[in-house]
Amino acid sequence: MASASDINGDTTIKAGAAADAVPAIAHPTPEDAFGVAANIKYHAQFSPHFSPVKFEPEQAFYATAESVRDTLIQRWNETFLHFHKTDPKQTYYLSMEYLQGRALTNAVGNLGLTDAYASALSKLGYDMENIVEQERDAALGNGGLGRLASCFLDSMATLDLPAWGYGLRYKYGLFMQKITKKGQEEYAEDWLEKFSPWEVVRHDIVHPVRFFGEVQVQADGRRKWVGGEVLHALAYDIPIPGYNTKNTISLRVWDAKATAKDFDLYAFNEGKHDKAASLHSKASQVCSVLYPGDESEEGKLLRLKQQFFLCSASLQDIIARFKERRPKNSTLDWKIFPSKVAVQMNDTHPTLSIPELMRILMDVEGLGWNQAWAITSSTLAYTNHTVLPEALEKWPQSVIAKLLPRHMEIIAEIDKQFQALLHAKRPDLERKLGELRVIDYSNPQKVLVRMAHMCVVSSHSVNGVAELHSNILKEELFADFYSLWPSKFQNKTNGITPRRWLRYCSPELSHIITKWLRTDEWVVNLDLLTGLRQFADDKQLQSEWAAAKHANKVRLADYICEVTGIKIDPSTMFDTQIKRIHEYKRQFLNILSVIYRYITIKKMSPEQKKAVVPRTVMIGGKAFATYAQAKRIVKLVTDVGALVNNDPDVGGLLKVVFIPNYNVTVAEVAIPGSELSQHISTAGMEASGTSNMKFALNGCLIIGTLDGANVEIREEIGEENFFLFGARADEITRLRKEREQGRFVPDPRFQETKEFIKSGILGDYNYEPLLDSLEGNSGFGRGDYFLVGHDFPSYLEAQAEVDKAYKNKATWTKMSILSTAGSGKFSSDRTIQQYANEIWHIQECRVP
Ligand SMILES: *Cc1c(COP(=O)(O)O)cnc(C)c1O
């Protein structure tokens, strides 16, 4: 992807006379190419990080990033001061995950300095594209939920909203995936191995966070949590620049530290080295990895520690800021707290914010329960991201009581008050008390705290992330709560930032859009894309559009060749499914249909083969390390690829590629380069999906079920531009019942495909357990819970429609244009504006 021409070798900054003419100057906010080059050179020489005689691309990246950071810090400071003086109501977004990806292109783009940086780098003998590729992804997240949080930060900054993100600074974020003969292997990815040029450590911002210990009752009856171990949360700020505004907000991530006081020098000198530093080693575990295994009791404790660490440090920080911004010498009026602070919990991971805010208000600040409760519940809001039972967090009461004894008391009181409320207001619901309570006592041996119920009971707002999903929350998952508090429930359909997901990842398409719309306002007002509709039939636009898509395909093909060695042909249809590997997302359905396609081609005469639309099927995604079934699916894709790609019978008609190590950077190449993308989850199971939005925005057509945001995407871009198949969400329960009753009759093509795998032609890997998941009714096998068998025939029919449409290039290109044109709704700017108006009640606060 990059020209590596004049960058290798042991060079000082030396690309000829031009580079020599650039002095090294510490000008923090240059806006012209020469000033930028001088500042990059300054960083290379005076904060070198590497041996000063070398100036290779990696060093050039760090120097460039530090130069960008100068500007970001200056703007961040201005923004902070402006918020401080204006004292608006401010939102804090709490998330265990952020999937930031690379920052350089986005930062210089949002600052409006892309051209200045590109020409500065060329003065220094470098090519911007190559420098950009030196950066490692910050992968502090796992999938859609984390990427959503990152898109939201970009929109908050761009919309000039007083809003910040809080998260954890994991040492190892999401694992790196390698594909070997055995399938997926996981390795720790050390994104901080060198250092991150984007974070600013705040040595003055440290909050103590306690674990374990006990609760004491004081003379006045107030309770106090004491003892146990105390770690310190140290703040790191990652500045987030808005697009076309000075506003630069913060993603504040916490690292866990022990102090010198915790170091037992006597023990150390006696040779007890591990004991001497035991708290230090505990501290380093807290932020070591994202989602450590939680099968064991130790694992559960660590997860809860992480969650509490985020909640406690962030709330202490928020309260400190609230106090700083109150007039000096006046008594603190806690009643106004909710008019100054909004806290959004991204899924249930930050649920411990509820008892922690209660504890601080009561035990530290001395408020009574009722006042603390009123403040807590009008400050906190909850976003639900899943209805999958296994993904709804439930923690053993015993583990919480051990780690957070005071919080368990508060949770028990919340549970008790909820019972009282039902008794007083809704006696009709009392018979369901056991199911609805915050604490689940159904198994006395294993009492569990239901985090989602605690969120619903304690928050002033509960939202789903697409219309269909929000309706399922109201009608099924939280139906009784909905009947109790109908006005709490809202929908906020997810979105994606158009900056990263179109403007920067597909500059070619962006230029065409800007040219035809005669404005680049669409970058901040994505609804303007509808203006493309009037040109959808225009031959000139179609030819420019197709050329840009082709260039993106070539870029993707080069990337695939670089990482897998497989050569794919950009004149074939590029069909992509990239997302976490999960049974409900049904990569299995995809690969089964690919096998069926292969079987069909094998049976064809040479004449028949001429009518086949050549396809390259790409599947990518990580399987959670302990999710065996998902790992089998990965292996199946690679085995099918090995068979199909080497079979001369299918020639160029079918290729199957597994794209390794899916992350944001991979998505930025794969999405613009795709023509068809698959969003084929069992209806009702994908809360929203956001990669469907990224693909649609990039003029990629969708084959999909009526699930999550697919429903709304199809509405926006027109049903004639969407390849729909499969059961609807409201049919799923009935279909599973029918299956249990043995009334499901599988399609012969489905049987043939399964037989093919069983035949052993794919090698000696044991696919029995995977195939078993498709068999049986309720007793034997798993009864095909995800309804792969049911949806298989309609999926094949939809695929045939895809082939038919692809044969007519003009039709396809028109559909592609209409897909982009109809994607305006899915800007995260729209989503965030709705959160701001309808949940947070905050106003813009723009730095002058
Ligand atoms: C957008 C995105 C996701 C979410 O994809 P879905 O298909 O909506 O699940 C996950 N991972 C990365 C890296 C993304 O960019």
Side-chain angles (χ1 to χ4, degrees), residues 95 97-103 105-106 136-155 173-177 189 191 290-291 346-347 385-386 388 391 465-466 468-469 493-502 504-506 559 575-587 589-590 618-624 630 659-674 676-682 685-698 700 702-705 707-713 823 826-828 831:
S95 179
E97 297 187 32
Y98 291 88
L99 212 47
Q100 292 283 95
R102 288 178 177 157
T105 304
N106 188 74
R136 295 198 183 186
D137 270 42
L140 309 183
N142 156 62
L145 173 149
R147 184 54 232 173
L148 182 77
S150 294
C151 282
F152 279 5
L153 294 178
D154 185 76
S155 287
L174 193 53
F175 65 86
M176 186 206 299
Q177 177 194 53
E189 177 150 64
W191 71 290
L290 169 70
Y291 298 142
N346 194 22
D347 214 333
H385 283 273
T386 181
L388 298 189
V465 290
L468 177 73
H469 168 239
T493 299
N494 282 166
I496 55 169
T497 167
R499 271 73 67 187
R500 182 177 294 264
W501 296 114
L502 180 54
Y504 305 139
C505 74
S506 185
Y559 176 76
D575 162 356
T576 309
Q577 186 179 23
I578 42 174
K579 45 183 80 238
R580 280 176 306 129
I581 309 289
H582 203 291
E583 287 168 282
Y584 88 78
K585 291 178 182 275
R586 298 202 294 191
Q587 286 89 356
L589 174 62
N590 183 354
M618 289 167 269
I619 298 178
K622 294 177 183 175
F624 196 73
I659 306 179
N661 201 40
Y662 178 49
N663 62 19
V664 171
T665 295
V666 174
E668 286 167 2
V669 187
I671 292 171
S674 299
L676 178 74
S677 80
Q678 307 220 17
H679 304 276
I680 59 178
S681 49
T682 314
M685 303 195 85
E686 185 76 273
S688 161
T690 48
S691 81
N692 43 6
M693 302 168 182
K694 298 169 195 163
F695 280 104
L697 181 61
N698 279 276
C700 184
I702 293 178
I703 180 167
T705 46
D707 200 16
N710 284 359
V711 179
E712 291 156 77
I713 293 174
S823 293
F826 305 103
S827 168
S828 49
T831 315

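Whatever order the structure lists them in is the order used to number ligands and atoms, beginning at 1.
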Residues Arg500 and Asp154 bridged, charged N to O under 4.0 Å: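 Salt bridge: no.
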Residues forming a side chain to side chain donor-acceptor pair (under 3.5 Å) with Tyr662, sequence neighbours excluded: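 Side chain to side chain donor-acceptor pair (under 3.5 Å) check on Tyr662 returns nothing, list empty.
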Which atom names give the shortest non-hydrogen contact between Arg580 and Gln587, and what distance separates them?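 The pair with the smallest heavy-atom distance is O-NE2, 2.9 Å.
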In the protein, what heavy atom is nearest to [atom], and what distance, to one decimal place, separates them?
atom	result
atom 8 (O) of ligand 1	Thr690 N, 2.7 Å
atom 6 (P) of ligand 1	Ser691 OG, 3.6 Å
atom 12 (C) of ligand 1	Tyr662 OH, 3.4 Å
atom 4 (C) of ligand 1	Gly144 CA, 3.5 Å

For Val465 and His385: C-alpha separation, side-chain torsions, deciding distance, then whether side chain to side chain contact (heavy atoms under 4.5 Å, CB included) applies. CA-CA 7 Å; Val465 290; His385 283 273; 3.9 Å; yes
Any nitrogen or oxygen of Lys579 lying under 3.5 Å from a nitrogen or oxygen in ligand 1? Just yes or no.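 Checking ligand 1 against Lys579, an N or O pair does fall under 3.5 Å apart.
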Give the numbers and elements of all ligand 1 atoms closer than 4.0 Å to a heavy atom of [X].
X	result
Asn663	13 (C)
Gly143	10 (C)
Trp501	15 (O)
Gly689	8 (O)
Val664	13 (C)

Roughly how far, to the nearest 0.5 Å, is OG of Ser827 from CD1 of Ile496?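 It is 8.0 Å, given to the nearest 0.5 Å.
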So is Arg580 in contact with ligand 1, going by heavy-atom distances below 4.0 Å?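 It does not; every heavy atom stays at 4.0 Å or beyond.
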Looking at ligand 1, does Phe695 have a heavy atom less than 4.0 Å from it?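 Contact check Phe695 vs ligand 1: negative.
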Is a donor from one side chain sitting under 3.5 angstrom from an acceptor on the other, for Thr690 and Asn494?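 Looking only at side-chain atoms, Asn494 and Thr690 do not form any donor-acceptor pair under 3.5 Å.
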Testing the 3.5 Å rule here: is there a donor-acceptor pair between the side chains of Tyr291 and Glu97?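 Their side chains do contain a donor-acceptor pair, which is all the 3.5 Å distance test asks for.
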When you look for heavy atoms under 4.0 Å from ligand 1, do you find them on the side chain of Ile496, its backbone, both, or neither?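 For Ile496, no heavy atom sits under 4.0 Å from ligand 1.
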Keeping Thr705 on the side-chain end and Ser681 on the backbone end, is there a donor-acceptor pair under 3.5 Å?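 It does hold such a pair.
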Nearest non-hydrogen contact with atom 9 (O) of ligand 1 belongs to which option: Lys622, Lys694, Met693, Lys585?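 Result: the heavy atom closest to atom 9 (O) of ligand 1 is in Lys585.
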Among Thr493, Asn692, Leu468, which residue satisfies the side-chain contact (heavy atoms from CB on, under 4.5 Å) criterion with Glu712?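 Exactly one candidate clears the test, Thr493.
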